Amino acid sequence: MNRGGAGVALAFSAALGLASVTAMASPPPLPQGARAEAMSPAAIPGWAQDDHGKAFAIFAQGCMADPPLRQGVPLPERLTAVCDNAKALAAAGPVGREQAKTFFEQNFAFWLIRPETGETGFTTGYFEPEFEGSLTRSDAFPTPLYDRPKDLVTRFSEDDWPGLDKTLSAARRTAKGFEPFPDRTAIETGALDGQGLEILWLRDPVDRFVLQVQGSGRVRLPDGSVTRLSYSGRNGHPYTSLGRVLSQREAIPPEQMTMDRLIARLKADAGFARDLIRLNKSFVFFARRDDLPAESGPIGGAGLPLTPMRSIAVDRTAWPYGLPVWIDTTLPDGAGGNEHLARLMIAQDTGSAILGPARMDLFVGSGAEAGHRAGLIRHPVAFTLLWPR
């Protein structure tokens with residue numbers, strides 16, 4: 001009887017908490033294809049056990065960036081005040097897990113985001129790869145990486161470019177106005193030649209493809225030194241998943257089409273690799289970042305270093321950078337087993353393959369082991385957005 005009474009009391013308390021949350025906050029402006037359900041943090045499994053201090057440090061760093069929390073879609077006005085609270089709390093001294101937990105509960109409302117046609121979101125994984133390369137072209141390193149072209153203009157949600165395909169996320173600025181930027185095939189056959197945009201050279205187009213999919217990386221030079229690369233833009237053409245194409249062409253079950261398997265197939269046949277890679281018209285540009293410490297994570301779309309297993313990439317046309325997101329999922333651990341992951345993340349990056357309000361890409365880390373694990377991740381996830389009150 002006592003256990004039953006306690007259960008009723010607990011359920012009643014949770015209901016009151018949820019009612020309070022719903023009364024105090026309006027749902028975030030939802031992108032097309034999304035629905036939101038108000039959540040009480042007390043009712044979220046694992047919330048009390050997470051180390052919120054780690055997520056707070058990343059969130060506060062974003063608030064102190066210049067410009068603070070550089071936007072994908074416009075930032076909610078209330079986030080400025082929440083950032084002020086975070087900066088004041090950080091300035092007062094080290095912020096422990098309980099302080100951080102209280103901070104998030106007091107400053108944010110919790111909303112479980114689902115697609116209209118499903119019950120869960122979906123996550124993939126990504127990593128920072130390392131390849132061999134050179135600062136000069138040679139027979140060993142013939143494949144160029146390019147700096148961002150000066151005439152490339154990124155399109156934001158509020159931009160209206162009459163006459164241009166709505167699916168283009170960037171364009172070339174000309175004297176006559178905007179026009180589509182050259183696609184991958186045009187670039188690979190000389191569209192950017194003579195502009196001096198080459199910043200590094202890799203062994204083959206497969207290495208470049210992997211680097212472009214991940215959006216950042218490390219390149220080990222012949223003298224043993226390492227240079228870092230960060231995302232600097234893309235040509236704006238839609239992204240095509242080569243894994244999906246290969247899965248369909250060769251009747252490979254989707255769950256067996258890992259990044260490792262795709263790379264092995266591409267490396268085995270240069271002509272096949274060239275033709276398949278060119279199906280993906282999207283082409284990514286990079287900037288060298290030799291100022292980044294070796295232990296630092298790569299720079300994400302928000303302009304800040306990413307933290308393994310705490311930073312996520314989201315659809316920047318759906319959500320602003322800098323927002324906390326609680327995730328709950330079970331993922332491969334990379335060693336043949338599974339790991340239950342329930343923790344607070346910060347949206348610090350974006351990607352051309354991440355489209356959807358409950359879609360995300362989990363930053364796993366740097367190097368080959370992280371790459372192996374990231375390639376295995378294609379799993380459902382509970383995606384709870386923390387929206388400023």
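Here the structure is a predicted model, which means the values were calculated and not measured.
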Greater than 12 external heavy atoms within 6.0 Å of [X]'s [atom1]:
X    : atom1 : value
Q195 : CD    : yes
R244 : CZ    : no
E77  : CD    : no
K281 : NZ    : no
Q32  : CD    : no

Can you find a heavy atom in the side chain of [X] that is under 4.5 Å from one in the side chain of [Y]?
X    : Y    : result
L362 : M345 : yes
L304 : Y321 : no
D315 : R359 : no
P332 : I377 : yes
D328 : H340 : yes

Are [X] and [Y] connected, step by step, through hydrophobic side chains (Ile, Leu, Val, Met, Phe, Trp, Tyr) whose heavy atoms are closer than 4.5 Å?
X    : Y    : value
I346 : V325 : yes
L211 : L192 : no
F122 : W326 : no
M257 : Y239 : yes
I44  : F383 : yes

From W387 atom CH2 to L323 atom CG, the distance as rounded to the nearest 0.5 Å: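 CG of L323 is found 5.5 Å from CH2 of W387.
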
Straight-line distance of R172 CZ to E179 CD, nearest 0.5 Å: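 R172 atom CZ to E179 atom CD measures 6.0 Å (nearest 0.5 Å).
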
Ring geometry between F104 and H52 (parallel below 30°, tilted from 30 to 60°, perpendicular above 60°): tilted

Side-chain hydrophobic cluster, 4.5 Å single linkage: members besides L292: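 Other cluster members: I299.
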
Lys/Arg-Asp/Glu bridge criterion (N-O < 4.0 Å) met for D84, K87: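 Salt bridge flag = yes for K87 with D84.
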
N/O donor-acceptor pair under 3.5 Å between R220 side chain and S225 backbone: no

R184 side chain to T189 side chain, donor-acceptor N/O pair below 3.5 angstrom: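 R184 vs T189: no donor-acceptor pair found between side chains.
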
Centroid-centroid distance, F131 to F141, less than 6.0 Å: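 Not close enough - the centres of the two rings lie 6.0 Å or further apart.
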
Test of ring centre spacing under 6.0 Å for F108 and F110: no

Derivation and outcome, side-chain hydrogen bond (donor to acceptor under 3.5 Å, both in side chains), residues N280 and H237: CA-CA 9 Å; N280 177 26; H237 289 272; over 6 Å; no

Qualifying side-chain hydrogen bond (donor to acceptor under 3.5 Å, both in side chains) pairs, either residue in residues 283-295, two or more places apart: T227-R288, T227-D290, R288-D290, R289-D291

Steps toward ring pair (Phe, Tyr, Trp, His ring centres under 6.0 Å) verdict (Y231, F286): CA-CA 5 Å; Y231 175 90; F286 294 96; 7.4 Å; no

Verdict with supporting geometry, D183 and T185, side-chain hydrogen bond (donor to acceptor under 3.5 Å, both in side chains): CA-CA 6 Å; D183 65 11; T185 298; 4.6 Å; no

Side chain to side chain donor-acceptor pair (under 3.5 Å) involving D349 - partner list, sequence neighbours excluded: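 For D349, the residues satisfying side chain to side chain donor-acceptor pair (under 3.5 Å) (neighbours in sequence not counted) are Y126.
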
Derivation and outcome, side-chain hydrogen bond (donor to acceptor under 3.5 Å, both in side chains), residues E128 and S216: CA-CA 6 Å; E128 184 187 30; S216 62; 4.8 Å; no

side-chain hydrogen bond (donor to acceptor under 3.5 Å, both in side chains) between D165 and T167, worked out: CA-CA 5 Å; D165 191 325; T167 64; 3.0 Å; yes

Test applied, side-chain contact (heavy atoms from CB on, under 4.5 Å); reference residue, V381; option that passes from L341, T124, T329: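 Exactly one candidate clears the test, T329.
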
